[in-house]
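Okay, structure first, notes after.
The structure displayed is predicted, hence computed values, not measured ones. Below, all heavy atoms of this structure are taken into account, side chains as well, without hydrogens, waters or symmetry copies.
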Amino acid sequence: MAFNQDIHSLTKKVIFHVYNYFKTIATDKSKPELSDFFQQTREVTAKACGVSLACVKKVCSEAKKELEGGPSNKIAFKSPRKNYKRVKIMSSLDDFDNEVIRRTIHSFYDKGGFPTTAKILVAMQEKINYPDSKTSVKRILHNLNFKYRKCNDGRRFLMERNDIVPCRVKFLRKMYELRQNNDTRPVVYLDETWVNQNHTQGYIWQNSENTEGVPFPPIGKGARLIVCHAGSPSFGLIVNNSKLVFRCKSGSTEEYHSQMNADIFENWFVEMLTNLEEPCVVVMDNASYHSALAEDYPTANTRKAEVQKWLEKKRIPYSPVETLCELREKVKMAILKEKKYKLDEVALQMGHKVVRLPPYHCQYNPIELIWAQVKGEVAKKIQHLQNGRC
């Protein structure tokens, strides 16, 4: 055994017992022939156990320290620390992949099915080439505000949290009121989508041996195009001069967020509004780069004096003896009452009204149907090109 190799506690215990046995024989005066043989007890122990002399010395030293703190029958040798290489869980996806998962779950309900974790994982592997496990999928669903609840027939299925339901009701009621009040303003829907370089159809007819058909590269590999557009039936399906297309690396969340940010989206949004011929109702989702606040609020890292100054500016009463945690609660309540988005204010100044979709409810955005048709045509074109190369 190597000099510096760490060994298990049970092995150390055996070595120490062998050493103590030989040491007892070496101190026995009634057997001088054995006593002389075992005078070099540590060397003999090393040979008997098949370890190095340094290893025996290390075990004896560890036992000596333990004996100083307690009785000899309670020596607790330490095992080497196990260095586990934990598999990194892929539980954070970009906004586009999250919307794919959301639509997948709702498609199960539309077909009368039950979206279990295993079924969702299979769908994710087909649609976005997801490489991880069911545990990761559960974390993603939790991040998307889904819960696993018991249904009436004793089975369990995914449901949304209660804080999402009021947002959905609020949106539907607002759109209903616009129609009931005969609001003549055109409704403009905007959204983003993505197309990978190797985007192909997920299912094709093949024989049982998979000898027919062309093996395509994984759809998650290659460059990714991000497309942003706006549409309305009042303007002939799409808003003129409102297309934004740029390229980023597929599978790289950092690259995606470094390009599609609040500043870029705001510039495109303002330019799109200038192309509208009349005041409109603009419907969009709550993506992070859509939801920059019109006013800066104290954050979790803001100092107490600055929070107090902000409360004074807002004329919100507080006591000097209140702790920072209490002041943060006052800030939180004020944000809930006065929360205004920067883009909503910009649209209002230009004569338009913004209506926000409920969180993760892309199915209420008709432009998603257009994206589905566009991506279907892209898949056919790519497959045609791939067939031509084979």
Side-chain angles (χ1 to χ4, degrees), residues 1-94 97 101 116-122 124-125 128-144 146-148 150 156 158 218 220-221 251-255 300-301 324-325:
M1 186 173 291
F3 162 71
N4 58 352
Q5 182 177 355
D6 207 348
I7 53 180
H8 195 271
S9 59
L10 185 58
T11 306
K12 291 181 180 180
K13 190 174 182 180
V14 172
I15 294 174
F16 187 65
H17 283 325
V18 173
Y19 168 76
N20 277 336
Y21 178 74
F22 288 158
K23 187 177 180 181
T24 303
I25 295 176
T27 56
D28 188 358
K29 301 299 183 180
S30 63
K31 299 178 181 179
E33 66 283 358
L34 294 177
S35 178
D36 294 339
F37 178 75
F38 290 112
Q39 281 300 320
Q40 296 180 336
T41 310
R42 293 184 177 181
E43 289 80 353
V44 176
T45 303
K47 292 179 181 179
C49 296
V51 298
S52 64
L53 178 60
C55 180
V56 177
K57 290 181 179 179
K58 183 178 179 181
V59 172
C60 293
S61 177
E62 186 176 340
K64 184 178 179 181
K65 292 179 182 179
E66 291 291 329
L67 288 171
E68 291 176 354
S72 59
N73 60 344
K74 292 186 179 181
I75 298 178
F77 291 100
K78 296 180 180 179
S79 294
R81 182 180 179 183
K82 296 179 177 64
N83 295 322
Y84 294 105
K85 293 184 179 179
R86 297 183 179 273
V87 179
K88 186 176 181 180
I89 296 177
M90 184 178 176
S91 58
S92 88
L93 302 175
D94 60 37
D97 289 340
I101 297 171
T116 62
T117 307
K119 293 179 181 179
I120 295 171
L121 175 60
V122 172
M124 291 170 63
Q125 291 171 344
I128 62 174
N129 197 33
Y130 186 71
D132 225 315
S133 62
K134 291 195 295 184
T135 302
S136 304
V137 174
K138 289 179 181 179
R139 293 197 178 190
I140 293 174
L141 295 174
H142 177 75
N143 294 337
L144 292 177
F146 279 102
K147 284 204 276 191
Y148 215 53
K150 190 173 183 180
R156 295 171 67 83
L158 285 167
K221 301 294 183 181
S252 173
T253 305
E254 181 179 356
E255 179 73 15
N301 297 325
L324 180 58
C325 294

Any chance you could lay out the side-chain contact (heavy atoms from CB on, under 4.5 Å) test for Y19 and V59, step after step, and finish with the verdict? CA-CA 10 Å; Y19 168 76; V59 172; over 6 Å; no
Going through the checks in order, is the side-chain contact (heavy atoms from CB on, under 4.5 Å) test met by K12 and I15? CA-CA 5 Å; K12 291 181 180 180; I15 294 174; 5.7 Å; no
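In this structure, L121 and D132 approach most closely via the heavy-atom pair CD1-O, 3.6 Å.
Using a 4.5 Å heavy-atom cutoff, the side chains of I120 and Y130 are not in contact.
In this structure, CZ in F16 is found 12.5 Å from SG in C49, a value given to the nearest 0.5 Å.
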Using atom types as modelled, flag every donor-acceptor pair under 3.5 Å from a side chain in residues 41-48 to any protein atom, sequence neighbours excluded.
{"residue": "T41", "atom": "OG1", "partner": "F38", "partner atom": "O", "Å": "2.9"}
{"residue": "T45", "atom": "OG1", "partner": "T41", "partner atom": "O", "Å": "2.8"}

